[in-house]
> 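Questions regarding the structure given below will be posed in turn.
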Amino acid sequence: MAMDMREITRLLLKLAGLYLIVTVLIAAPTVIRTPEPYRIDGAASLVLYALVGFALFFLPGFISNRIVRVPTETGGAVSSEKLVQVGTILLGVYFTASAAYDLVYTYVKTHWFPQLHFPGSRGPDMPPDDFAYLIASSAQIVIGLALWLGSKYVVRAAFLSKNDR
């Protein structure tokens, strides 16, 4: 039985969801040993990853049709170019989502947290590490969006360079 691109994409999304679910199950005991003030942060991260994992595992058709938007030319045999394009789209979506989470987390930690606990204060200056996380997450979002939205051009460049050798 031949698989078309949509079926392969759904299979990859299910596998990614299963990976995230297993990762959450493996990491869950660490929340118990985490010191009290940080336990909520760790649990919130695990819950978010679990929700994404369950969505990928149980709703791969919705995600592949509405978010990833697999190319519609599904007729014929699956070529390596089509597989690389789907893989590039999925990597772009993953990089973008992961970096968006990190960006929001770092921003909330550095700006909202001091204001909630010390009303009226500006809070401490942003540590260099947090500034670096903001810049790195922003760069990762740009790279993820480039892979996601420009997958056709990435594949074209990858296979053009292969033919030039």
Side-chain angles (χ1 to χ4, degrees), residues 3-28 30 38 41-74 78-113 123 125-165:
M3 294 178 73
D4 67 354
M5 289 306 293
R6 292 191 189 277
E7 291 177 39
I8 291 172
T9 303
R10 283 192 290 270
L11 175 66
L12 289 172
L13 288 172
K14 278 185 171 277
L15 289 173
L18 186 62
Y19 169 77
L20 286 175
I21 292 167
V22 169
T23 302
V24 166
L25 291 175
I26 290 170
T30 62
Y38 306 107
D41 293 344
S45 297
L46 290 180
V47 167
L48 182 64
Y49 278 107
L51 289 174
V52 170
F54 282 116
L56 290 173
F57 190 76
F58 290 110
L59 304 170
F62 176 80
I63 293 170
S64 67
N65 292 336
R66 301 282 167 91
I67 298 173
V68 177
R69 296 187 184 191
V70 177
T72 55
E73 69 258 3
T74 57
V78 176
S79 66
S80 59
E81 287 92 353
K82 289 180 184 176
L83 283 175
V84 170
Q85 184 174 7
V86 169
T88 303
I89 291 170
L90 293 175
L91 278 174
V93 169
Y94 173 75
F95 288 155
T96 303
S98 173
Y101 172 79
D102 291 341
L103 185 73
V104 168
Y105 176 81
T106 304
Y107 182 80
V108 167
K109 182 177 101 173
T110 59
H111 285 68
W112 287 0
F113 182 78
D125 290 335
M126 185 182 299
D129 289 347
D130 288 336
F131 182 73
Y133 290 141
L134 286 174
I135 298 299
S137 296
S138 300
Q140 186 176 340
I141 287 175
V142 169
I143 292 168
L145 287 172
L147 288 173
W148 182 0
L149 303 175
S151 64
K152 184 183 349 177
Y153 304 108
V154 172
V155 170
R156 194 177 298 157
F159 284 95
L160 177 68
S161 65
K162 181 180 111 175
N163 295 333
D164 288 342
R165 291 184 212 164

> For residues 43-55, pull every pair meeting salt bridge (Lys or Arg N to Asp or Glu O under 4.0 Å), keeping only residues two or more places apart or in separate chains.
none
> Show the nearest heavy-atom pair for residues A99 and S137, with the distance to one decimal.
CB-O, 3.4 Å
> Taking only residues two or more places apart in sequence, or in another chain, which ones meet Y153 in a side-chain contact (heavy atoms from CB on, under 4.5 Å)?
R156
> Can you list every pair that meets salt bridge (Lys or Arg N to Asp or Glu O under 4.0 Å) and has a residue in residues 130-147, with sequence neighbours left out?
K109-D130
> Y19: which residues meet the side-chain hydrogen bond (donor to acceptor under 3.5 Å, both in side chains) condition with it, sequence neighbours left out?
none
> Kindly list each side-chain donor-acceptor pair under 3.5 angstrom involving residues 45-56, sequence neighbours excluded, with atom names and distances?
unit_1	atom_1	unit_2	atom_2	d
S45	OG	D41	O	3.1
S45	OG	Y101	OH	2.4

> Assess whether side-chain contact (heavy atoms from CB on, under 4.5 Å) is satisfied between L20 and V24, documenting all intermediate values.
CA-CA 6 Å; L20 286 175; V24 166; 5.5 Å; no
> Just to verify, what does S138 make a side-chain hydrogen bond (donor to acceptor under 3.5 Å, both in side chains) with, not counting sequence neighbours?
none
> Could you tell me which residues satisfy side-chain contact (heavy atoms from CB on, under 4.5 Å) with T88, sequence neighbours excluded, listed by chain and number?
V84, L147, S151, V154, V155
> Between atom CG of L12 and atom CG of L90, what is the distance when rounded to the nearest 0.5 Å?
6.0 Å
> Using 0.5 Å steps for rounding, measure from the CD atom of Q140 to the CG atom of L145.
10.5 Å
> Which distance, rounded to the nearest 0.5 Å, do you find between the CD1 of I141 and the CG of D102?
9.0 Å
> State the CG-CD1 distance between L91 and I143, to the nearest 0.5 angstrom.
12.0 Å
> Between CD1 of I135 and CG of L103, what distance do you get to the nearest 0.5 Å?
9.5 Å
